[in-house]
J.: 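Got a structure here, written out as C-alpha cells. Questions coming.
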Amino acid sequence: MALGGVRVLELAGLAPGPLCGMILADFGAQVVRVDRVSRFAEAHGDVQARGKRSLALDLKRPQGAAALRRLCGRADVLIEPFRHGVMERLGLGPEVLLQENPRLIYARLTGFGQTGKYAKSAGHDINYLALSGVLSKLGRKNENPYAPVNLLADFAGGGVMCALGIVIALFERARSGRGQVIDASMVEGVAYLSSFLWKSQKMGLWSQPRGQNLLDGGAPFYEVYRTSDGKFMAVGAIEPVFYKQLIKGLGLNLDELPTQMSVSDWPGMKKKFASIFAQKTQAEWCSIFDSTDACVIPVLSFDDAASHPHNKERSSFIKNEQGEMSPRPAPVLSRTPAVPSRKRDPFIGEHTEEILLEYGFTKQEIAKLYSDKAIGFKNLKANL
Ligand SMILES: C[C@H](CCC[C@H](C)C(=O)SCCNC(=O)CCNC(=O)[C@H](O)C(C)(C)COP(=O)(O)OP(=O)(O)OC[C@H]1O[C@@H](n2cnc3c(N)ncnc32)[C@H](O)[C@@H]1OP(=O)(O)O)[C@H]1CC[C@H]2[C@@H]3[C@H](O)C[C@@H]4C[C@H](O)CC[C@]4(C)[C@H]3C[C@H](O)[C@]12C
C-alpha cells in the first residue's frame, strides 16, 4: 500500500487524532496508538482504531517518557493531540525529539493551534467552528447557527487536514531527508476548507441573511423535503437544465412558475415543492427521479446507505470480522488502494511487548518498564 513501511506513533486523544491515525493505517502505515496506563477506566474510546496496535505507556513517569523518546527515534511520524505545552512539560517537545530524530514528522493536532490567546484553552468542535467564522454561515432562517455534528472541525478540518499535512511532509522528506513540525489547528483547518465561502462573498451567493441563500437552505431547488412516508428527498437542481427536469418530475409547468432565481419567490416555491413531495413515498419519488439529471436523491439512513444498490455496487461500505459496518477508505487509488484491516479494534495495551521488541527494546528492558509501572499489558477493550 502507498504508505507501507511508514511508522506512526499516535498519542491517544479524542476524535480528530484517531481519524488521522486511521487514515494513515488504512493506506498502509504501521500505526501504534500510545494509550494511557493509569486511566484505563477513563480511556477516551477510540472508535477509529482500525488497523492500529495499542501500546500502553505512562508518559508521566520518567521511564515512560524516555521510552517514548526512544520510540520516536525510530518512528517517521508522531501525532500528538494535546493542548499546547503538554508535550513540553513531559520533556517530549519538538526541539527534543527532532534533535534526536531529524527525520521525524511531529504533527501537533489542536483546536486553536500552538500559539494565540486560546492556545492553552480547552475546546471542542463547535468552539473551533465558531472561531473560524464558518459556524456563522450554518443554520436555518431565523434559527441559531447550527454545528453539523462534529464533522467539520474535528474531522474535516482536523483529522483529514492533519493527515494531508503528514503526507505532504513525508513527500517533502523524500527530497530533503528532513522532518518538520506540523501545527494543525482545527480552527484554521475548517476555515481553509471554507475558502470557497470567503472567495464567493462578492459573487452575490451570500447577500441574504443566514439560511436564505442559494446553498444554505434558501433556495427551493437546493433543499430537503419530507415524503408521505416520513422520509426525505434531497434536491440539488441548481443549473437550469437540471432544474427543468426537477419541475417535470414534480409534474409542474415551468412556464407557469416564477423564474428559478427569483429570490423573493423562493419561500412560496418551497411551500409548493413541500406540498408536492408530501404526496408520494420516498420509493415513489425515487422511481420518478432515479436515472434523471434532476439531482434528486433519497436521504438514506446509515443502514439504507450501506445497502443502497449504488453503494453496494461500489462496495462503499465494508464489514469487519465482527460484522461491524463502516465506510471504506476514500479515495480509491487505482494501483495502490487502501486495504483496511478487517480485524477487531485493539485492546488497550494489547501489543505493548510486541511493539517494544520491534522498536529494539530487550525483554529485560521491557520487564523493568513493567516493574516501574511505566507500561501496561492489560487487555481491556477501549470504552466507546
Ligand atoms: C466522544 C466525545 C468526543 C467527541 C468529539 C468532541 C466533540 C471534540 O471536539 S474532540 C476534540 C477536542 N479537542 C482537541 O482534541 C484539541 C487538542 N486537545 C485539547 O485541547 C485537550 O486535549 C482537550 C481539551 C481535548 C482535553 O483537555 P485535557 O485537559 O483533558 O487534556 P490536555 O490538556 O490535552 O492534557 C493531556 C493530559 O494527559 C496527559 N497524558 C496524555 N497521554 C498520557 C499518557 N499516555 N500517560 C500519562 N499521561 C498522559 C498529559 O500529560 C496531559 O497531562 P497534564 O494536563 O498534566 O499536562 C468524548 C468527549 C468526552 C468523552 C467522555 C468523557 O471522557 C467521560 C467518559 C470517560 C470514559 O473513560 C469513557 C466514557 C466517557 C463518557 C467519554 C466518552 C467519549 O469519549 C466522550 C463523550
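This chain uses plain numbering: 1 for the first residue, then up along the sequence. Every number for a ligand or one of its atoms is a count from 1 in the order of the listing.
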J.: Looking only at distance, does R36 have an N or O less than 3.5 Å from an N or O of ligand 1?
T.: yes
J.: Should one rank R61, R33, R89 by closest heavy-atom distance to atom 57 (O) of ligand 1, which comes out on top?
T.: R89
J.: Between F242 and I238, is there a side-chain heavy-atom distance shorter than 4.5 Å?
T.: no
J.: Heavy atoms only: which of A15, P16, G123, A56 is nearest to atom 12 (C) of ligand 1?
T.: G123
J.: Less than 3.5 Å between some nitrogen or oxygen of N150 and one of ligand 1, yes or no?
T.: no
J.: Under 3.5 Å, side chain of S301 to main-chain N/O of D304, donor-acceptor pair present?
T.: yes
J.: Could you list the donor-acceptor pairs under 3.5 angstrom formed between side-chain atoms of residues 328-336 and any protein atom two or more places apart in sequence or on another chain?
T.:
unit_1, atom_1, unit_2, atom_2, d
R328, NH1, R314, O, 3.2
R328, NH2, R314, O, 3.2

J.: With heavy atoms of A122 as the reference, note each atom of ligand 1 found under 4.0 Å away.
T.: 24 (C)
J.: Short N/O distance, under 3.5 Å, between L57 and ligand 1?
T.: yes
J.: Distance under 4.0 Å to a non-hydrogen atom of D58: what atoms of ligand 1 satisfy this?
T.: 46 (N), 47 (C)
J.: Quick one: which of Q30, H351, E10 gives a side-chain hydrogen bond (donor to acceptor under 3.5 Å, both in side chains) with K52?
T.: E10
J.: From the options E88, E80, R83, select the one whose nearest heavy atom is closest to atom 28 (P) of ligand 1.
T.: R83
J.: By the rule that ILVMFWY residues connect when side-chain heavy atoms come within less than 4.5 angstrom, directly or transitively, which residues belong alongside Y146?
T.: none
J.: Please report whether ligand 1 has a polar contact with L14, defined as an N or O pair separated by less than 3.5 Å (distance criterion only).
T.: no
J.: List every atom of ligand 1 that sits less than 4.0 Å from any heavy atom of K60, numbering the atoms from 1 in the order shown and giving each element.
T.: 47 (C), 48 (N), 51 (O), 53 (O), 54 (P), 56 (O)
J.: Heavy atom to atom 18 (N) of ligand 1, shortest distance: which of G376, A184, P81 holds it?
T.: P81
J.: Checking the N or O distance criterion of under 3.5 Å, is ligand 1 in contact with H124?
T.: no
